[in-house]
S.K.: 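Structure incoming, see below.
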Amino acid sequence: MLAVRSLCLTALLAALATSSAHAQTVGREQDIRNLRLGQRVLVDDGTCPAGQVKEVRGAKMTESGITVTRNCVPRIGPKTK
């Protein structure tokens, strides 16, 4: 019984980890609509160095709306030989 519980817990944690790790990817920053506070969008427009992609994040709430930050982050994908 303990093994079944631990297996179910492991499956649940794996599902939660993979669902929260996915970020939306767009080709241009102009394609981002209604960015929410804390939301991350990956922009593959070629402005970052090789092996990196631009991450646009809704960082701070102001009176005029949400302030965004832009950073180059490592591109995560399938490993190739």
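Treat the numbers as computed from the prediction; the structure is a model and nothing was measured.
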S.K.: At what distance, to the nearest 0.5 angstrom, does CD of Gln39 lie from CG of Asn34?
M.R.: 9.0 Å
S.K.: Is it the case that the side chain of Asp45 and the backbone of Thr47 share a donor-acceptor pair, with hydrogens and angles ignored and the cut-off at 3.5 Å?
M.R.: yes
S.K.: Taking atom OG1 of Thr25 and atom CZ of Arg40, what is their separation to the nearest 0.5 Å?
M.R.: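 Answer for the OG1-CZ pair, Thr25 versus Arg40, is 13.0 Å.
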S.K.: Partners of Ile32 by side chain to side chain contact (heavy atoms under 4.5 Å, CB included), sequence neighbours excluded?
M.R.: Val26, Glu29, Leu35, Val41, Val43, Val56
S.K.: Output the distance between atom CG (Asp44) and atom NZ (Lys54), rounded to the nearest 0.5 Å.
M.R.: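 It comes to 10.5 Å.
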S.K.: Applying side-chain hydrogen bond (donor to acceptor under 3.5 Å, both in side chains), name anything that partners Gln52, two or more places apart in sequence or on another chain.
M.R.: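 Not a single residue meets the side-chain hydrogen bond (donor to acceptor under 3.5 Å, both in side chains) criterion with Gln52.
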S.K.: Taking atom CZ of Arg70 and atom SG of Cys48, what is their separation to the nearest 0.5 Å?
M.R.: 11.5 Å
S.K.: For Gly58 versus Ile66, what's the shortest heavy-atom pair and its separation?
M.R.: CA-CG2, 3.7 Å
